[in-house]
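Everything numeric here is computed off the predicted structure, so don't read it as measured data.
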Amino acid sequence: AGELFMQHGIKSVSMDEIASKLGMSKRTIYQHFVDKEELLIYFLEYTEQQQLEKLKQLSETLPSVIDIFLHIIDMHREMASLYCIRFQEDIEKYFPKAQQKMKEQHEKGTILSKDFLKTGIEQGVIRPDLNIEVTAFLLQDTNNTYVHASRMMYRPFSIWELFFTMMINFIRGISTEKGIKIIDEYLKNQ
């Protein structure tokens, strides 16, 4: 259901389509979810949990916060083609509980970003003179730029190019020389 929502928007996907894709009856879905919004909220919670688990795994296996940032950029490359602006627009227009859930997730993400940045400072890859509040806000707010660009009728770049350029420049700007060396090595291998 989540894949269908992300690719086509939420309103345009019927419960019949979801049931068909899952190979089950619509009635079975309704035994677990009251309506489409409840299914959507479950998808948002599931996605958040998956992202937190992936971040924990990356934190345990990669040597620095910069390496994690770069890995996340690579993950977005694979997901960029799946994103449909109607997903975001449908949540804003028709699904107030899901919109509230996304707001809560955004706030949690800001807290997580602050901790992430503090870890990078401790590792010596993020500049210690940063205003962590502002930097965490900007990091979380990149989604708004993404959404705005997706709504542009004509743009001379792909959504992937926007995300890549925005994130590489962002991380370079907050990095120490040690962090910049990691980024430059990554770019050299691209």
Side-chain angles (χ1 to χ4, degrees), residues 2 5-6 9-10 40-60 62 64-93 95-123 125-152 155 157-176 179-180 182-183 186:
F5 292 158
M6 293 289 287
I10 303 153
L40 172 61
I41 289 170
Y42 180 83
F43 168 68
L44 294 172
E45 290 170 345
Y46 173 80
T47 302
E48 177 186 32
Q49 188 59 39
Q50 293 296 108
Q51 290 171 343
L52 290 172
E53 287 175 19
K54 183 68 175 175
L55 188 58
K56 182 179 181 218
Q57 177 192 21
L58 293 174
S59 297
E60 293 169 353
L62 294 175
S64 76
V65 163
I66 298 296
D67 293 290
I68 295 169
F69 270 128
L70 297 172
H71 189 83
I72 290 169
I73 288 172
D74 285 339
M75 286 172 29
H76 272 274
R77 179 188 329 241
E78 297 163 17
M79 296 183 326
S81 63
L82 299 177
Y83 182 73
C84 167
I85 188 60
R86 283 187 292 181
F87 175 78
Q88 186 71 36
E89 290 173 341
D90 285 353
I91 288 175
E92 291 170 6
K93 288 181 186 175
F95 299 100
K97 292 176 192 166
Q99 187 174 15
Q100 179 60 35
K101 173 56 72 180
M102 287 186 76
K103 182 181 176 198
E104 292 166 11
Q105 289 176 337
H106 183 81
E107 290 167 1
K108 286 185 207 171
T110 301
I111 293 166
L112 186 64
S113 294
K114 290 177 196 176
D115 292 340
F116 197 62
L117 293 166
K118 288 174 187 173
T119 300
I121 290 169
E122 291 168 8
Q123 293 171 342
V125 294
I126 301 289
R127 293 186 4 239
D129 63 331
L130 285 180
N131 180 327
I132 293 204
E133 290 287 326
V134 172
T135 306
F137 170 81
L138 290 172
L139 186 57
Q140 286 300 125
D141 202 54
T142 57
N143 188 51
N144 289 334
T145 302
Y146 205 64
V147 169
H148 173 71
S150 297
R151 290 180 174 142
M152 291 170 62
R155 60 180 182 276
F157 49 80
S158 70
I159 291 298
W160 162 245
E161 290 170 315
L162 170 68
F163 181 79
F164 182 82
T165 303
M166 192 169 51
M167 290 309 297
I168 288 294
N169 285 299
F170 182 84
I171 0 180
R172 279 184 73 84
I174 65 171
S175 293
T176 61
I180 290 172
I182 296 168
I183 296 166
Y186 167 83

Does the pair E48/K108 count as a salt bridge with the N-to-O cut at 4.0 Å?
yes
For P128 and T176, the nearest pair of non-hydrogen atoms, with its separation, is CD-CG2, 4.4 Å
Shortest non-hydrogen pair, A149 vs L162, comes out as CB-CD2, 3.3 Å
Checklist entry - How far apart are the C-alpha atoms of Q49 and E45, what are their side-chain angles, what is the distance that settles it, and do they pass the side-chain hydrogen bond (donor to acceptor under 3.5 Å, both in side chains) test? => result CA-CA 6 Å; Q49 188 59 39; E45 290 170 345; over 6 Å; no
Output for pair (L70 CG, L58 CG), nearest 0.5 Å, gives 11.0 Å
> Between Y46 and Y42, what is the ring plane arrangement, given parallel below 30°, perpendicular above 60°, and tilted in between?
Replying inline: parallel
*Given the side-chain rings of F116 and F69, with only the six-membered ring counted for Trp, is the space between their centroids under 6.0 Å?*
yes
Here the pair of heavy atoms bringing M75 nearest to K54 is SD-CE, 3.7 Å
Evaluate whether atom CZ of F137 has more than 12 neighbouring non-hydrogen atoms of other residues, nucleotides or ligands under 6.0 angstrom away. no
- Message: Is it the case that the side chain of D67 and the backbone of L62 share a donor-acceptor pair, with hydrogens and angles ignored and the cut-off at 3.5 Å?
- Response: no
SB check R86 E89 (cutoff 4.0 Å) | no
Residues 166-175 vs side chain to side chain donor-acceptor pair (under 3.5 Å), sequence neighbours excluded, gives R172-D184
